[in-house]
Undergrad: 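First the structure, then my questions, so here it is.
So you know, we letter chains A, B, ... as the sequences are listed, proteins then strands, and number each from 1.
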Amino acid sequence: MKLKLLSKLLVVVMAATIPGVVATTSSNAFGTTLYTSREWKKILNEAKGQTVNWYMWGGSTAINQYVNEYIAAEAKKLGVTLNQVKLNATVDAVNKVLGEKQAGNNTKGSVDMIWINGENFATGRQANIWTCDWATKLPSAKFVDWTSSSVNSDFGLPVNGCEAPWATASSGLVYDSKVIPRSAVASLDAFIDWVKANPGKFTYPAPPDFNGSMTVRRLFYYANGGYSNFLGAYDASKFTPAMAKTATFLNDLKPSLWRKGATYPATIGDLEKLYANGEISAYLNYGALSSFTNVDKGLFPKTTRVTAFKEGMIGNISYVTIPYNSPNKAGAQVIANIMQTPAAQLKMQADGVIGSPAIVMNKTPLSAQYRALPVHPSSTSPATLAKNANPELTAAWLRAIDAGWIKDVQQK
Amino acid sequence: MTEKSSQPLLRFPGRYGAKQGTVKSRNVIWLVLPTILVLVTLFVGGFLFGILQSVGYFSVIADKEQKIGFDAYLFAFQNETVRAGIILTFRVAFLSTILSTVIALAISLMISRTKRFQSTLISITQFNIPIPHVVAATGILLTFSQSGLVSRVTNHFGITDGPSDFPIVTNDPFGYGIIMSYLWKEIPFMCVLILSALRGPVTNLDETAKTLGASYGYRLRKVILPYIFPAILSGTIIVFAFSFGSYEVPYLLGEPYPSTVSVVAYQLYTDRDLANRPTAMALATITSVVIGILVYVYMKITQQEGRK
Amino acid sequence: MKFIFRPFFLGLFVFWIFFPFLSIIIWSVAAGWRFPALLPEEYSLRGYEVSFDPNGDILRGVITSTGIALTVGVLATLIGSAAGRAIAMYSFKMKKSFQFLVLAPLIVPGLAVTMGIQILFIKYGLSDSIRGVILAHLIPTVPYVVMIMSGTFANFDRAYEEQGQVLGASRVTVMRKITLPIILPGLAVSFLFAFVISWSEYILTLLVGGAAVKTLPMVLFAFLRGSDLTLVGAASIVFMIPPLILLRFTSKHLVGRSSSVTGLGSV
């Protein structure tokens, strides 16, 4: 008798704990563990009334508008004030946090969130200035494919929950179809041939500009028959001959470049000014999917098109990270979470803010709307750019290639 | 030159019968204290801290080995970007200073001899003074770039054929764009200084000499130029130091390589590789010392001339 | 021949002063002005709409810059006038060293000093703040004021003050009613220079204020690195207006009989 009662009690007790068990381990579709609803509620409460200083590159009107209007409004609904701080270069924010760490300011940092990836993220990891163990737990993280190596590793460095993705940037070739025929942009081979036959119409910004660095990297792959040899840790014995080949290629290309390769535009903005004025007719850009906004403003010709080479384009993910000394970590997480919501990602895509979504739209309730989004004639679909995507290399490779370009190409 | 320091202007009686002498007073400390506080803490402090950081103190890379030494200076001199930058900076600074002085002198003299519209002309020379250098650079860029206003005009009339046919005077290796932007601001500045000096008691002397039958050329050499010489000296020093150390204009109108020393210094300072910070400070210190030496030599030479 | 020589060169000079503004003005109202068009195909006020957007960066930059420049103008004028008076009218020990100290910031690039001092500013919480930016702006402005005011005071007749004191006026009254009106032109020019230098300052603000203090030069610089030249044009025009207004009020003192600028002409 007692046994029956006991076992019934046991069953009741176990049943009572099931909701609790379910609540504490809500896993997402991709196998990471999210915050429990109680934990997240605590964060939301803490975030109310906080002001988040988000330091980010400020050179794109489309991104600035998206952040300051849409994202800020969504944040306000949750009681969080978003203050965008525009940077000329992300490294400025990293240096700022480093400076604060050096001065012993460990709790009242001025930077709450940074749009970051690649080298800058790596520098911060090295100096241990990022907050970790939060990015995979955001409620919206259930739409993020954390099992994918392009997400869980940033330029070859494991993310380890220290940063949350918010956009995918696949570089694309922006070109004027009135000047360049479709056949000449189908492959990198064909494009290089066209450049040599039509000198002065192509160039790239000088590294260490982000887009300049990417173009040099892509041509580094091209001159060395692909990227597979360079994945993983930096290897000087592989780098030196590869850089020599690249330098030869780029120096040979100089007479066909704008200004005969004697100089290069300083930033992507300068490069786009050249394109806008018809001085060049093609360029590579991480933000290629936003070029159509310039067409609508009358700055770019209506014959602007975006495409990918059949050999593939370089792509990477844009993340946000939270410095270790931020006093507004809760607010920052709230905003990072908003960035990843299907509604925000859909709007980002529809307005041509930057690249393409960082979440798997097909697994969200808005997948139908996403698929139905019209593609501007001067743009293309993210899938086109992502076909055959070339990965990024680790930060040490990047630095070596940039330095090698400066020494062997720019200063020649 | 001691009289120069304690009595800035005077070779002739000041206006309104102003006294020439200076007074001794203990209260003077209150007058100079605020300036001393500001300049010593901020300026001297900043300069000294810069030197300290250039030899290795306060390293941001919390390293085991705090290497104190002049490595950063050696590295700066061996760095190709720095060397090219120094050459460019010298060229731009010298040309800007010489050209702006000569042109401003000519313009000022012409204006002082013009009776009609003189006040209008003077107002026009002042117009550029409050214009920020960034705007000046923007104006030069939008006007003289290969797709700028002038290029569009020449293209319209068939003189050039497309943007690449237009001469490269902005973002160019010689520094033409930078010099143009400097001249655009510095010529009016020098004009204001010289015109101010020209309106002083020198006009009386000039009139006297004229009635005594001296020609303009003679008066110019013997009366006017010696009198306005201090103003020219001042102006050239200020203009040279500025042209050498400015950041905004060379950044906007120069090239990524070579760029002037201030641009290079800033790039080194904000470089991802934190080991470059001492090099940035070293470069800044070298720049200050170089300008200082040049100014000193310049003043010594012109004082010799002035004495004659 | 001589008759056309001067008007020609002076005319060229005037043209040279105003010509670069033309492209800025046209770009500010252009809605697309691609090469080789001589004039924009379409016009729009988008540039100015964005500039005067109350939530926008440009208007906020104007407010920040104005606040900082006015404060710096007043502070620098006060601090520098006292020192200028000391140099012109008194002799004291170490006067030459003091004069050297005052002139040095004109020779040493501001970048050098600010890079060096940034570490201290961070430590004492002055970085990223408007207070810090104001302090940093005092470095290039105070020397100008000292030089201008020492020129003004060199022409100043102490006898006026002495007269006033003999007639029984207090020191404050003497300053207010006698000294101030006489040196007012010098003060005006000093304020103009200090304001304009602070208003235009970019690299010092960037280093001390980080990206947190958004003055107009920072905003314009950011636009210049982008590709939207319409915004660049409109922002440039907005950037020029306040200093020009200030010039309007002080221009008669710049090259006038009071010759306060001669102080600058005696380094």
Undergrad: One thing to verify: whether Lys273(A) and Asp270(A) come together as a salt bridge, which I'm taking to mean a side-chain N less than 4.0 angstrom from a carboxylate O.
TA: yes

Undergrad: Classify the side-chain pair Glu272(A)/Tyr283(A) by whether it contains a donor and acceptor separated by less than 3.5 Å.
TA: yes

Undergrad: Hey, are Ser110(A) and Glu100(A) close enough side-chain-wise for a donor-acceptor pair under 3.5 Å?
TA: yes

Undergrad: At a heavy-atom separation under 4.5 Å, does Thr81(B) approach chain A through its side chain, its backbone, both, or neither?
TA: both

Undergrad: More than 12 foreign heavy atoms under 6.0 Å from CZ of Phe174(B): is that the case here?
TA: yes

Undergrad: Test of understanding: with salt bridge (charged side-chain N to carboxylate O under 4.0 Å, His left out), list the residues that count as partners of Lys101(A), not counting sequence neighbours.
TA: none

Undergrad: If contact means a heavy atom pair closer than 4.5 Å, which residues of residues 158-170 of chain B contact chain A?
TA: Pro163(B), Ile168(B), Thr170(B)

Undergrad: Measure Ala206(A) against the heavy atoms of chain B and call it side chain, backbone, both or neither at under 4.5 Å.
TA: side chain

Undergrad: Any Lys/Arg nitrogen of Arg217(A) or Glu392(A) sitting under 4.0 Å from an Asp/Glu carboxylate oxygen of the other?
TA: yes

Undergrad: Where on Pro265(A) is there a heavy atom nearer than 4.5 Å to chain B: the side chain, the backbone, both, or neither?
TA: backbone

Undergrad: Name the region of Arg259(A), side chain, backbone, both or neither, that has any atom closer than 4.5 Å to a heavy atom of chain B.
TA: side chain

Undergrad: Identify the two heavy atoms, one from Tyr234(A) and one from Thr394(A), that lie closest to each other, and give their separation to 0.1 Å.
TA: N-OG1, 4.3 Å

Undergrad: For a side-chain hydrogen bond (donor to acceptor under 3.5 Å, both in side chains) with Asn276(B), tell me which candidate from Thr270(B), Asn79(B), Asp271(B) qualifies.
TA: Asp271(B)

